[in-house]
S.K.: 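Dropping a structure here in structure tokens format, bear with me for questions.
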Amino acid sequence: MQEKLLNLKEAALNEIKDMSTIEAVESLRVKYLGKKGEITSILKEMGKLSAEERPVMGKVANEVREALEGSINSKKEELKLIEKQRKLAEEVIDVTMPAKQFTVGKKHPISQIIDEVTDIFVGMGFSIAEGPEVETIENNFDALNAPKDHPSRDMSDTFYINDDLLLRTQTSPVQVRTMKKEELPIKVIAPGRCFRFDSPDATHSPMFHQIEGLVVGTNVTMAELKGTLDMFVKKLFGEHTKTKFRPHNFPFTEPSAEVDVTCFKCQGEGCQMCKGEGWIEILGAGMVHPNVLRNCGIDPEKYSGFAFGMGVDRITMLKYEIDDIRLLFENDMRFLNQF
Ligand code: 2U9
């Protein structure tokens, strides 16, 4: 038994020498010193030895175990050190290396303008309403008092999905939904994408962005509409900006107006930006048509409202002097990185 033990010790110590992984050393420890280990099983035989032999064997057995455990632990330490050095070598940072260039993304110019305009109206007490881009004909046209034969309903102007659904041509259906479901008073803006069957050119895109606004309550006046929009343009284009309301006609507002602002490039002197006018048309607005209020379950005898709408792409092009709307949708980073 003693010899067997010493042979096993030699064999084990030899095996350990060439081992290169801690896992291998661990499985060797189990193989020899584990519950069913080869050395362990010999030691279990100790009981069969004579009383004189047992202490001798016991001494040998402990030497073998200690020698093995000693060699196993030092091998493990040695391998851990090698692993650590390998990692350190691998993780050496050459501080002379140029830093990895990582490009920080930034908001699309249209998103920047939507945020800027939204912040202004939220600051004026408006809340933001959103709605589906796929809309019903009821919310996009009928509720908005658009006559059945109104040109905007033509297939040539609107993307129809089927007899009831279309891609919204303006964000007004969001306000219609709001009026149908929310309590009065209502004070919301509705930013979002709109779709019109337009062949793309420098100023038209089949997909574009609008921000519309709606205020409905008791005794809401045209004066409040003018005051609200006057404050808005001063915050967006500068305190010296003035507004001009020109009569216009929309099916969903009565009276209606197109709203001009003093050119923010020439302060009204006249320049290439405002084609010498000194004024730039920025948005449309008006008092909500009583039919629209009625269509949304609101009694126009008791309540009134005003609404406005602006083309965000147009304002973005004016503000950044972009002469072709297609640049905003072509995702050319040389263009987008300018903003
Ligand atoms: C409801 C009632 C009335 C929204 C309005 C305009 C005037 C307007 C244009 C701006 C640029 C469309 O993208 S554009 O060509 N919009 O001039 N929009 S009043 O009127 C509403 C909306 C909702 C319930």
Side-chain angles (χ1 to χ4, degrees), residues 110 113-114 117 121 126 128-131 133 135-136 138-146 150-152 157-158 167-182 184-198 203-217 220 222 224-226 228-229 232-233 236 243-261 280-298 300 303-318 325 328:
I110 285 181
I113 296 291
I114 289 177
V117 170
F121 282 109
F126 284 75
I128 301 169
E130 294 191 326
E133 293 175 356
E135 257 297 3
T136 62
E138 152 57 24
N139 288 337
N140 194 86
F141 285 126
D142 303 342
L144 288 163
N145 196 36
H150 192 276
S152 63
D157 267 16
T158 297
L167 293 184
R168 65 183 182 194
T169 58
Q170 52 195 77
T171 58
S172 313
V174 176
Q175 291 106 290
V176 166
R177 288 167 176 273
T178 306
M179 285 204 288
K180 285 178 176 175
K181 79 176 180 311
E182 305 293 341
L184 295 177
I186 286 172
K187 191 173 181 177
V188 295
I189 54 164
R193 280 194 191 135
C194 304
F195 309 85
R196 287 184 189 171
F197 205 110
D198 258 330
T203 55
H204 292 85
S205 161
M207 180 199 78
F208 60 102
H209 303 76
Q210 277 192 346
I211 297 179
E212 293 197 356
L214 176 74
V215 172
V216 179
V220 173
M222 186 77 173
E224 285 168 333
L225 169 61
K226 297 185 80 174
T228 302
L229 293 179
F232 160 63
V233 297
L236 185 65
T243 51
K244 181 172 67 173
F245 285 66
R246 284 177 293 107
H248 194 75
N249 173 42
F250 299 110
F252 33 79
T253 49
E254 184 57 44
S256 305
E258 290 285 18
V259 181
D260 302 339
V261 294
I280 294 177
E281 180 192 314
I282 274 299
L283 56 87
M287 300 310 288
V288 179
H289 195 292
N291 290 352
V292 173
L293 293 173
R294 237 178 263 111
N295 293 341
C296 299
I298 297 170
Y303 301 102
S304 61
F306 69 66
F308 54 84
M310 66 194 81
V312 173
D313 319 81
R314 175 174 158 66
I315 292 176
T316 308
M317 293 169 74
L318 288 168
I325 195 171
L328 291 167

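Remember, it's 1-based here, ligands and their atoms both numbered in the order they're listed.
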S.K.: What residue and atom, counting heavy atoms only, is the protein's closest point to atom 3 (C) of ligand 1, and at what distance?
M.R.: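 The protein heavy atom lying closest is Ala307 CB, 3.4 Å.
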S.K.: Distance under 4.0 Å to a non-hydrogen atom of Ala285: what atoms of ligand 1 satisfy this?
M.R.: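 So the answer, numbered in order with elements, is 7 (C), 19 (S).
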S.K.: Nearest protein heavy atom to atom 4 (C) of ligand 1, by residue and atom, and its distance?
M.R.: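 Here the nearest protein heavy atom works out to Glu212 OE1, 3.4 Å.
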S.K.: What pairs with Ser205 under side chain to side chain donor-acceptor pair (under 3.5 Å), at least two apart in sequence or on another chain?
M.R.: none
S.K.: Where on Met179 is there a heavy atom closer than 4.0 Å to ligand 1, on the side chain, on the backbone, on both, or on neither?
M.R.: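 Contact part for Met179 vs ligand 1: side chain (C-beta onward).
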S.K.: If you have a sec, work out which protein heavy atom is nearest atom 10 (C) of ligand 1 and how many Å separate them, to one decimal?
M.R.: Gly309 O, 3.1 Å
S.K.: Do Thr169 and Asp157 pair up side chain to side chain, a donor and an acceptor below 3.5 Å, judged on atom types alone?
M.R.: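 Not at all, the side chains of Thr169 and Asp157 share no donor-acceptor pair under 3.5 Å.
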S.K.: List the atom of Arg294, the atom of Pro300, and the distance in Å for their closest heavy-atom pair.
M.R.: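 Closest approach of Arg294 to Pro300, heavy atoms only: NH2-CG, 3.5 Å.
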S.K.: Return the minimal non-hydrogen interatomic distance between Val312 and Gln210, and the atom names on each side.
M.R.: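 In this case the closest contact between Val312 and Gln210 is CG2-C, 3.8 Å.
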S.K.: Using a strict cut-off of 4.0 Å, indicate which atoms of ligand 1 neighbour a heavy atom of Gln175.
M.R.: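 The atoms of ligand 1 under 4.0 Å from a heavy atom of Gln175 are 22 (C), 23 (C), 24 (C).
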S.K.: At a non-hydrogen distance cut-off of under 4.0 Å, which region of Phe308 contacts ligand 1 (side chain, backbone, both, or neither)?
M.R.: backbone
S.K.: Give me the residue, atom name and distance of the protein heavy atom closest to atom 15 (O) of ligand 1.
M.R.: Arg196 NH1, 4.0 Å
S.K.: Which atoms from ligand 1 have a heavy atom of Gln210 less than 4.0 Å away?
M.R.: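 Here the atoms of ligand 1 in question are 12 (C), 13 (O), 14 (S).
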S.K.: Looking only at heavy atoms, what is the nearest atom pair of Val216 and Met179, with distance?
M.R.: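 Taking Val216 first and Met179 second, the nearest heavy atoms are CG2-SD, 3.9 Å.
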S.K.: Tell me the nearest of Leu144, Val288, Val216 to atom 1 (C) of ligand 1, using heavy-atom distances.
M.R.: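 Looking at heavy atoms only, the winner is Leu144.
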S.K.: Does Thr171 have a heavy atom less than 4.0 Å from any atom of ligand 1?
M.R.: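 The answer is no: ligand 1 sits nowhere under 4.0 Å from a heavy atom of Thr171.
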S.K.: Does any N or O atom in Gly284 lie less than 3.5 angstrom from one in ligand 1, N or O only?
M.R.: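 N/O-N/O distance below 3.5 Å exists for this pair.
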S.K.: With a 4.0 Å cut-off, would you call Glu281 and Arg246 a salt bridge?
M.R.: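 A salt bridge links Glu281 with Arg246.
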S.K.: Of the non-hydrogen atoms in Gly131 and Arg168, which two are nearest, and what is the gap between them?
M.R.: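 Heavy atoms only, the tightest pair is O-NH1, 3.2 Å.
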S.K.: May I ask you to identify the nearest protein heavy atom to atom 11 (C) of ligand 1, giving residue, atom name and distance to one decimal place in Å?
M.R.: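 For atom 11 (C) of ligand 1, the nearest protein heavy atom comes out as Gly311 N, 3.4 Å.
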S.K.: Write down the atom of Thr158, the atom of Phe197, and the distance for their closest heavy-atom approach.
M.R.: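 Shortest heavy-atom separation between Thr158 and Phe197 comes out as N-CB, 3.8 Å.
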S.K.: Between Phe232 and Val117, what is the shortest heavy-atom contact and its length?
M.R.: CE1-CG1, 3.6 Å
S.K.: Among protein heavy atoms, which lies nearest atom 19 (S) of ligand 1, and at what distance?
M.R.: Phe252 CE1, 3.6 Å
S.K.: Taking 4.0 angstrom as the limit and counting only heavy atoms of Phe208, give me the atoms of ligand 1 inside it, by number and element.
M.R.: 13 (O)
S.K.: According to the salt bridge (Lys or Arg N to Asp or Glu O under 4.0 Å) rule, which pairs have a member within residues 184-193, sequence neighbours left out?
M.R.: Glu133-Arg193
S.K.: Less than 4.0 Å is my threshold; does some heavy atom of Met310 fall inside it relative to ligand 1?
M.R.: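 It does; at least one heavy atom falls under 4.0 Å.
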